[in-house]
Amino acid sequence: MQEKDQEHFKRELGLLDGTMLVVGSMIGSGIFIVSADIARQVGSAGWLTLIWLISGLITIIAAVSYGELSAMFPKAGGQYVYLKEAYNKLIAFLYGWSFFAVIQTGTIAAVGVAFSKFAAYLYIPLSDENILYELGSFKLNAAQIVSILTIVLLTFINSRGVKNGKILQTVLTIIKILSLLGLIIFGLTLAAKASVWDANWADAWTTRSFNKDTGSWLPISGTALISGISAAMVGSLFSSDAWNGVTFIAGEIKNPKRNVGFSLFLGTFIVTIIYVLTNLMYLAVIPLDEIATAKSDRVAVVASQYIFGNIGTLIIAIMIMISTFACNNGLIMAGARVYYTMATDGLFFKKAAVLNKSSVPAWALWAQCIWASALCLTGKYGDLLDFVIIIVLIFYILTIYGIFILRKKMPDVERPYRAFGYPFLPLLYIVIASAICISLLITKFSTCGWGVFIMLTGIPVYYLTKPKE
């Protein structure tokens, strides 16, 4: 991509803004919900904590590895650009195709639906049980309308310039961090019980799975344990995802060679600490059986009721609404920059390469908005998470392997920052993420297989649409 195209972007984001984008995009609704499913899959306090810790550590490893790439290519498009430079336009296109079809839009849809689920706590008619329209098997409910309206509103705010999105992101993310820390502190000081903590940690490493039909625990080991751990990690990895959004807006970050990599590390580190502390608070306040059987998996609601009594539900609902709103703001802001960069390479609709008078890719923002809104209407956001995570991991693996390729291919290019722990830590990430992918394809083929299929359908699309050289 030509530098002059990049210069149309305004560099208005500093290190704090970059870090808040990473934190804000990562913390959505997952930390409030996912621990219930993890507890059911592995059935012990030790494994629940370890899964969050492993997810956090491999996310930090990936983020600090990306630091080298972001310093080498400090321009809009991030991961798409890294894949194009390390491999070729086809691999980069497959990423962009998957990103638009499922990864970013599917995540925006899922987060939008999570927002509307908790909005229904404040006003019941907004729930997904309020069916507004039926046509055959299709049902339109109030929650879907709410989630679409939030996506449209955030797209509109971001189309008016990066400054608006930046201010909203930073303010909401600081509120989100403080409210989560407040929940942890109040939980550990007001509601923690030694008896609950001791009971949860009594056999901390005994693995078992919870059978919802019988309401009983079954011991697991061997293959069943491996599939349980990989299924549990879908939720924790999804909750730790979207940290790479800051690389997409590198064209709007001041001193990107330093600030992109640094904000990646700071953001992922802050979120990992918060996630692990939140789970330790859950284990100090709620018996493990109640974590596993929390209604609609809303563990944070159960914890908040123990801490604050009846008003706890309301407190968590407001926290999650702020959290998911900020999360989607970050996702919407960052996503459009990938389509912009693809379009300047002739691999996406030409209009996506146009910046409006506010120096943002408005057409790309609205295209993303329309498709994410359509995905809200499918109602299949549970499945969306499965096939988002498999594609996300495949491209993280390819991108981090790209560091090895680029060290050979471009040995003389300036690297203001080098991947921490190279080659050991990037290789460790590749091995762990590959093992998770293989395990997911074996245990959740019906959804993860679709994810891979959607990605591969990009190959004929690429050859049919690519411009003649």
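Values reported hereafter were calculated over all heavy atoms of this structure, with side chains retained and with hydrogens, waters and symmetry mates removed.
A ring-centre distance under 6.0 Å is not found for Y429 and F424. Aromatic ring centres of Y80 and W97: separated by at least 6.0 Å. With ring centers used as reference points, W363 lies 6.0 Å or more from Y339. Ring centroid separation for the pair F118 and F32 does not come in under the 6.0 Å cut-off.
Side-chain contact, Y121 with R298: a donor N or O sits under 3.5 Å from an acceptor N or O. For the residue pair W52/S240, the side-chain donor-acceptor check at 3.5 Å is not satisfied. For the residue pair S55/S236, the side-chain donor-acceptor check at 3.5 Å is satisfied. With no hydrogens or angles considered, no side-chain donor-acceptor pair links Q79 and T247 at under 3.5 Å. Side-chain contact annotation: N279 with T49, donor-acceptor N/O pair under 3.5 Å absent. Side-chain contact, N158 with N329: a donor N or O sits under 3.5 Å from an acceptor N or O. Inspection of the N244 and Y82 side chains reveals no N or O donor paired with an N or O acceptor under 3.5 Å.
No side-chain heavy atom of K84 sits under 4.5 Å from any side-chain heavy atom of N88. Taking the side chain as every heavy atom from C-beta outward, C437 and I394 approach each other to under 4.5 Å. Two residues are said to be in side-chain contact when any heavy atoms from C-beta on lie closer than 4.5 Å; L355 and V360 fail this criterion. Taking 4.5 Å as the limit, every side-chain heavy atom of T19 sits out of range of all side-chain heavy atoms of L16. The closest side-chain heavy-atom distance from I54 to L50 is below 4.5 Å.
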Open item on the list: Run the side chain to side chain contact (heavy atoms under 4.5 Å, CB included) test on I459 and L456 for me, step by step, so that the C-alpha distance in whole Å, both residues' side-chain angles and the decisive distance to 0.1 Å come before the verdict.
Closed with: CA-CA 6 Å; I459 296 174; L456 295 177; 4.1 Å; yes
Practice problem: Just do the side chain to side chain contact (heavy atoms under 4.5 Å, CB included) check on K444 and I390 with the steps written out, would you? | Solution: CA-CA 10 Å; K444 290 195 164 197; I390 187 96; over 6 Å; no
**Prompt:** Would I274 and I177 count as a side chain to side chain contact (heavy atoms under 4.5 Å, CB included) if you check the C-alpha gap in whole Å, the side-chain angles of each, and the deciding distance to 0.1 Å?
**Reply:** CA-CA 8 Å; I274 288 173; I177 294 169; 4.0 Å; yes
Notebook entry, point to check: Going through the checks in order, is the side chain to side chain contact (heavy atoms under 4.5 Å, CB included) test met by L406 and L69?
Noted result: CA-CA 9 Å; L406 288 166; L69 298 168; 3.5 Å; yes
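For NZ of K409, the number of neighbouring non-hydrogen atoms (other residues, nucleotides, ligands) closer than 6.0 Å is greater than 12. For CD1 of I124, the number of neighbouring non-hydrogen atoms (other residues, nucleotides, ligands) closer than 6.0 Å is 12 at most. Atom CH2 of W366 has more than 12 neighbouring heavy atoms from other residues, nucleotides or ligands inside a 6.0 Å radius. Around the OH atom of Y123, the shell of radius 6.0 Å holds no more than 12 heavy atoms that belong to other residues, nucleotides or ligands.
For L377 against Q144, the heavy-atom pair with the smallest separation is O-NE2, 3.3 Å. Residues I332 and T155 come closest through the heavy atom pair CG2-OG1, 3.9 Å. Residue S263 comes nearest to V22 through the heavy atom pair O-CG2, 3.7 Å, listed as atom of the first residue, atom of the second, then distance. Closest non-hydrogen pair, Q104 versus L331, comes out as NE2-O, 2.8 Å. Counting all heavy atoms, side chain and backbone alike, S227 lies closest to S439 at CA-OG, 4.4 Å. Closest approach of K257 and E414 over heavy atoms only: NZ-OE1, 3.2 Å.
Exactly one residue among K10, R11, R337 makes a side-chain hydrogen bond (donor to acceptor under 3.5 Å, both in side chains) with E252. That residue is R337. A ring pair (Phe, Tyr, Trp, His ring centres under 6.0 Å) with Y462 is found for exactly one of F348, F93, Y95, namely F93.
Of the possible polar contacts, none joining the E134 side chain to the K139 backbone as a donor-acceptor pair under 3.5 Å is found. Looking only at distances, no side-chain donor or acceptor of Q41 sits under 3.5 Å from a matching main-chain atom of A231. N356 contributes no side-chain N or O that, together with a main-chain N or O of A362, makes up a donor-acceptor pair within less than 3.5 Å. Looking at R418, its side chain never comes within 3.5 Å of a backbone N or O of P416 through a donor-acceptor pair. A distance-only check finds no donor-acceptor pair linking the side chain of K176 to the backbone of I322 [under 3.5 Å]. At least one donor-acceptor pair closer than 3.5 Å links the side chain of N259 to the backbone N or O of K254. Of the possible donor and acceptor atoms, none in the side chain of T278 sits under 3.5 Å from a partner among the backbone N and O of I184. Remark: the backbone N or O of A143 is not paired with any side-chain donor or acceptor of K117 at under 3.5 angstrom. Using modelled atom types, no side-chain atom of S230 and backbone atom of I436 make a donor-acceptor pair closer than 3.5 Å.
Between F325 and F115, the ring-plane angle classifies as tilted under the 30° and 60° cut-offs. Using the six-membered ring where Trp is involved, F262 and F265 have ring planes that are parallel, under 30° apart on the 30 and 60° scheme. F404 and Y422 have tilted rings, their planes meeting at an angle from 30° to 60° on a 0 to 90° scale. Ring-plane geometry between W371 and F100 is classed as parallel, the angle between the planes falling under 30 degrees on a 0 to 90 degree scale with a further cut at 60.
The line from CD1 of I454 to CG of L94 is 13.0 Å long, rounded to the nearest 0.5 Å. In this structure, I320 CD1 and I33 CD1 are separated by 5.5 Å, a value rounded to the nearest 0.5 Å. We find the CE-OG distance between M26 and S239 to be 9.0 Å, quoted to the nearest 0.5 Å. Distance CZ/F99 to OG1/T107: 8.5 Å, rounded to 0.5 Å. Here S304 contributes atom OG and L183 contributes atom CG; the two are 6.0 Å apart, rounded to the nearest 0.5 Å. Atom CD1 of I145 sits about 10.0 Å away from atom CG of N130, to the nearest 0.5 Å.
In summary, D345 and K89 do not engage in a salt bridge, as defined by a charged side-chain N under 4.0 Å from a carboxylate O. Of the charged side-chain nitrogens involved, at least one lies within less than 4.0 Å of a carboxylate oxygen, so that R407 and E68 count as a salt-bridged pair. Using a 4.0 Å cut-off between charged side-chain N and carboxylate O, D297 and R40 make a salt bridge.
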